[in-house]
Engineer: 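I have a structure here, written as structure tokens, and I will follow up with some questions on it.
What you are looking at is a predicted structure, and each value in this text was computed from that prediction instead of being measured. Chain identifiers are assigned alphabetically (A, B, ...) following the order of the sequence lines, protein sequences preceding nucleic acid strands; residue numbering begins at 1 within each chain.
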Protein chains: 4
Amino acid sequence: MSLTKKQQLLDAALNLFIQQGIQATATAKIAKAAGVANGTLFHHFASKQALVEALHLNIKEEMAQAMTPPDPNLPLREQMIHLWQAAIRWGLSHPQKFQFLRQLANDPQYPLSQQHAMLSLALPLLPQLIKQGQKAGILADWPQALILNTCHSQFLSTVSLFTEQPELAKDPTYQQAAFDILWYGMAHR
Amino acid sequence: MSLTKKQQLLDAALNLFIQQGIQATATAKIAKAAGVANGTLFHHFASKQALVEALHLNIKEEMAQAMTPPDPNLPLREQMIHLWQAAIRWGLSHPQKFQFLRQLANDPQYPLSQQHAMLSLALPLLPQLIKQGQKAGILADWPQALILNTCHSQFLSTVSLFTEQPELAKDPTYQQAAFDILWYGMAHR
Amino acid sequence: MSLTKKQQLLDAALNLFIQQGIQATATAKIAKAAGVANGTLFHHFASKQALVEALHLNIKEEMAQAMTPPDPNLPLREQMIHLWQAAIRWGLSHPQKFQFLRQLANDPQYPLSQQHAMLSLALPLLPQLIKQGQKAGILADWPQALILNTCHSQFLSTVSLFTEQPELAKDPTYQQAAFDILWYGMAHR
Amino acid sequence: MSLTKKQQLLDAALNLFIQQGIQATATAKIAKAAGVANGTLFHHFASKQALVEALHLNIKEEMAQAMTPPDPNLPLREQMIHLWQAAIRWGLSHPQKFQFLRQLANDPQYPLSQQHAMLSLALPLLPQLIKQGQKAGILADWPQALILNTCHSQFLSTVSLFTEQPELAKDPTYQQAAFDILWYGMAHR
DNA sequence: GATGAATGAGCTTTCATTCAT
DNA sequence: CATGAATGAAAGCTCATTCAT
């Protein structure tokens, strides 16, 4: 039962964290929602903080696995579309986990997990691709930080928008449009 | 002295909220930081929640005042640049207040203040301008929600980036670049 | 205005005390209900305790004035009826003040004002009358404390009953019955 | 050991409540008097209010168990004496619990537990007996409410008197006298 | 007299964590 | 492994009282 209960705790925690916030969720409520005893939580996790970190790690790993690398022989734009679609797809099919990552990224209590941590996680190949694109004269010659920042924010806000308004997500036109806004924005003119 | 102490409380609260988070900041610490007694906080604010809301309101009003409307006779692009610069300027010169707004927008405890609340606050004229631009064939014909979402996220992330890396903010090229990414992204092709 | 505000405070206090209890009523609420400032209460009364005592004293004096002594030439039973009716009448026409006296009498915080304090207040002549009655063989020869106790309790409970069920109070038969139960109970057989 | 601590808390609470009043007794003092930690009180009782209600319920049940029903074949007067003695005996042997019931009955904060709740608890059979007595012409034909009220108040005041003056309680004459006052008061003439 | 901002001790309640079973 | 009673520090909030104006 051990693995089961540990997983039940993680599931219950995720569920409560995104509803009420991390701080506002008492460990006792997590245990109750998981159907285990109060002390069992501390049997599997040294502290509430450790539980949060374990959950964070789990989700990061799961997301990383979903991000298959693009075929390097494809044109740059196609490679980027591949990354973009994989990231968006994961965000839309795991809205709770996605929101948890957002929450952590904005929580002053967990400053280690900066915004960029999430980006580099979702799109670890992006920096190289951008550099390639700039060298090849396909992308505009602005600072990396600015371009990465834009990619990141467009990714986050697109998933959020599509999660809130699922009817938009259903139309593939808009999925494409979200990428095009980004692409034409950073393309060289 | 009433106004003084009330303001001291708001100042201390803002300072602590963005350092430690809202929940993690005890009312007693706010009072201490403000140099007043514990009960004084509750003399001026009915509850911690009321203090947060008062602070929120103050900042929103202050930001709204900073957002001067553009000259409607200017070309669309110039009007948008006007808005963009006013918003960025305010964000950069009030980094704490800006961060507080971000925090609230992402806090599941204060769901009323959605992301879009902040946007419509900073750029209340934007929806009309976009509609005009689409009618005139200047902007691409994507759903309003998508374009607004992009503007919003680019605004937030640009202020954050420039606040974290002030050397970027100093170069007016990059301020312009951040707007151009947005503009060429949503411009009609 | 001084007398007025002081009286307003006493009135407001009485009203709130019987609704919520003495302890549960904050001085600030009394002041607000009286339409005066917070500090004004302490201008007229040294402390909350002093306010309670002043109210108590006022009510006791008012009640004492309403208790006109019976004609000593009347038969014993008529004298007792006189006292009984005066007491009941006062209780029914001042239900709030009556209830306040009850509350104080049962409050462990104000132990000075025992049950008997209220009795001797309402019916100061009663002990003598009882003694006379016993000497004359009209009343049973039980201990004074027992008879006084019975009179007292029948008085309190009758006013309470009639206040709760005003339709009973309207029928003079029942007013008389309440006295008769008492009288035949303690009469000599 | 759970039952032990829970009971210790109830005992300590009863003791302090009747000395200082319910409101005036801090939960921290109850915990200290019970020899447990502050939080333990709230582990067993959801709130102070819940503790009060649990205590109330406990005492009511205990009292109800002590009230053995009379033999219905006995004459009416004997049945009433049986009830009277059982009630008085319980009140005298549990003075704290009796006083707590009185306190609650008079506390405007707990209005549900009216005076009559206590009576019907102590003497649940009384209403029927009275009706029987009136039909048989043994008891006077006054409204039930009036007679019940008298019984109730005589019961309460007798226990109080005997508790305050234990020397009276020792003389069985006076126990009988207290009942006789009641009986002759309501007997048909 | 009258005001109401200011105080700080004290209240009820919460909660992460421990530990004997 | 699992439990849940027990802990006590700390939280948000209340309130009688003071005092400068």
Engineer: What is the distance, to the nearest angstrom, from the CG atom on C/L16 to the P atom on F/dA16?
Structural biologist: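 Result: 12 Å.
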
Engineer: Identify which nucleotide among E/dT7, E/dT3, E/dT13 has an atom closest to any side-chain atom of C/H43, counting heavy atoms from C-beta outward.
Structural biologist: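 That would be E/dT3.
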
Engineer: More 5' along DNA chain F: B/A28 or C/T27, using each one's nearest nucleotide?
Structural biologist: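 Going by which nucleotide is closer to the 5' end, it is B/A28.
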
Engineer: Is it true that the side chains of C/Q96 and C/N15 contain a donor and an acceptor less than 3.5 Å apart?
Structural biologist: yes

Engineer: What integer distance in Å separates A/Q20:CD from E/dT14:P?
Structural biologist: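 From A/Q20 CD to E/dT14 P: 14 Å.
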
Engineer: Out of curiosity, B/Q109 CD to B/L104 CG, how far, rounded to the nearest 0.5 Å?
Structural biologist: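 Spacing of CD (B/Q109) from CG (B/L104) equals 11.0 Å.
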
Engineer: Rounded to the nearest Å, what distance is computed from the CD atom of residue A/Q8 to the C1' atom of nucleotide F/dT3?
Structural biologist: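 After rounding, the gap between these two atoms is 15 Å.
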
Engineer: To the nearest 0.5 Å, what is the distance between CZ on B/F45 and OG1 on B/T40?
Structural biologist: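 The distance works out to 11.0 Å.
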
Engineer: Does E/dT7 have its OP1 or OP2 closer than 4.0 Å to a side-chain nitrogen or oxygen of B/T40?
Structural biologist: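 Answer is yes, contact under 4.0 Å.
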
Engineer: Tabulate protein N/O versus nucleotide N/O from nucleotides 18-21 of chain F, keeping only pairs under 3.5 Å, one per line.
Structural biologist:
none

Engineer: For A/Q23 and B/L41, take the nucleotide of DNA chain E holding the closest heavy atom to each; which residue's nucleotide lies nearer the 5' end?
Structural biologist: B/L41

Engineer: Respond yes when some side-chain nitrogen or oxygen of D/K29 is under 4.0 Å from OP1 or OP2 of E/dG10, and no when none is.
Structural biologist: no

Engineer: Can you tell me how far apart CD (B/Q103) and CD (B/Q99) are? Round to the nearest 0.5 Å.
Structural biologist: 6.0 Å

Engineer: State whether A/K6 places a side-chain N or O below 4.0 Å from either non-bridging phosphate oxygen (OP1 or OP2) of F/dC1.
Structural biologist: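 So the side chain of A/K6 is outside the cut-off, no N or O lying under 4.0 Å from OP1 or OP2 of F/dC1.
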
Engineer: Has D/K48 got a side-chain N or O lying under 4.0 Å from the OP1 or OP2 atom of E/dC11?
Structural biologist: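 Answer is no, no contact under 4.0 Å.
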
Engineer: Could you check A/T25 against B/G35 and say which one's nearest nucleotide on DNA chain E is further toward the 5' end?
Structural biologist: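 So the residue in question is B/G35.
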
Engineer: How many Å lie between CG on B/L9 and P on E/dA5, as a whole number?
Structural biologist: 13 Å

Engineer: Does the side chain of A/Q7 pick up a donor-acceptor pair with the side chain of A/D11 at under 3.5 Å?
Structural biologist: yes

Engineer: Please tell me which of the listed nucleotides, F/dT17, E/dG1, E/dT17, lies nearest to the side chain of C/H44?
Structural biologist: E/dG1

Engineer: If you write DNA chain F from 5' to 3' in dot-bracket form, with Watson-Crick or G-U pairs under 3.5 Å, [ ] for crossing pairs and | for pairs with another strand, what do you get?
Structural biologist: .||||||||||||||||||||

Engineer: Which pair of non-hydrogen atoms, one from C/N38 and one from C/A31, has the smallest distance, and what is that distance?
Structural biologist: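 Where C/N38 meets C/A31 most closely, the heavy atoms are CA-CB, 4.0 Å.
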
Engineer: Please give, in whole Å, the distance from F/dA10 P to B/I30 CD1?
Structural biologist: 17 Å

Engineer: Side chains of B/N58 and B/E62: donor-acceptor distance under 3.5 Å anywhere?
Structural biologist: no

Engineer: Check the orientation of B/F17 and B/F100. Use parallel for under 30°, tilted for 30 to 60°, and perpendicular for over 60°.
Structural biologist: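 Aromatic pair B/F17/B/F100 classed parallel.
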
Engineer: Please pick, from E/dA16, F/dT7, E/dT12, the nucleotide with the shortest atom-to-atom distance to any side-chain atom of D/A26.
Structural biologist: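 Ranking E/dA16, F/dT7, E/dT12 by closest atom to the D/A26 side chain puts E/dT12 first.
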
Engineer: I'd like to know if the side chain of B/E61 pairs up with that of B/Q65 as donor and acceptor (distance under 3.5 Å, no hydrogens or angles considered).
Structural biologist: no

Engineer: In whole angstrom, give the distance that lies between atom CZ of D/F45 and atom C1' of E/dT14.
Structural biologist: 18 Å

Engineer: B/K32 has an atom NZ; how far is it from atom C1' of E/dG8, in whole Å?
Structural biologist: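 Atom NZ in B/K32 sits about 14 Å away from atom C1' in E/dG8.
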
Engineer: So, C/K32 side chain and C/T27 main chain: donor-acceptor pair closer than 3.5 Å or not?
Structural biologist: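 Pair absent, no side-chain N/O of C/K32 close to backbone of C/T27.
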
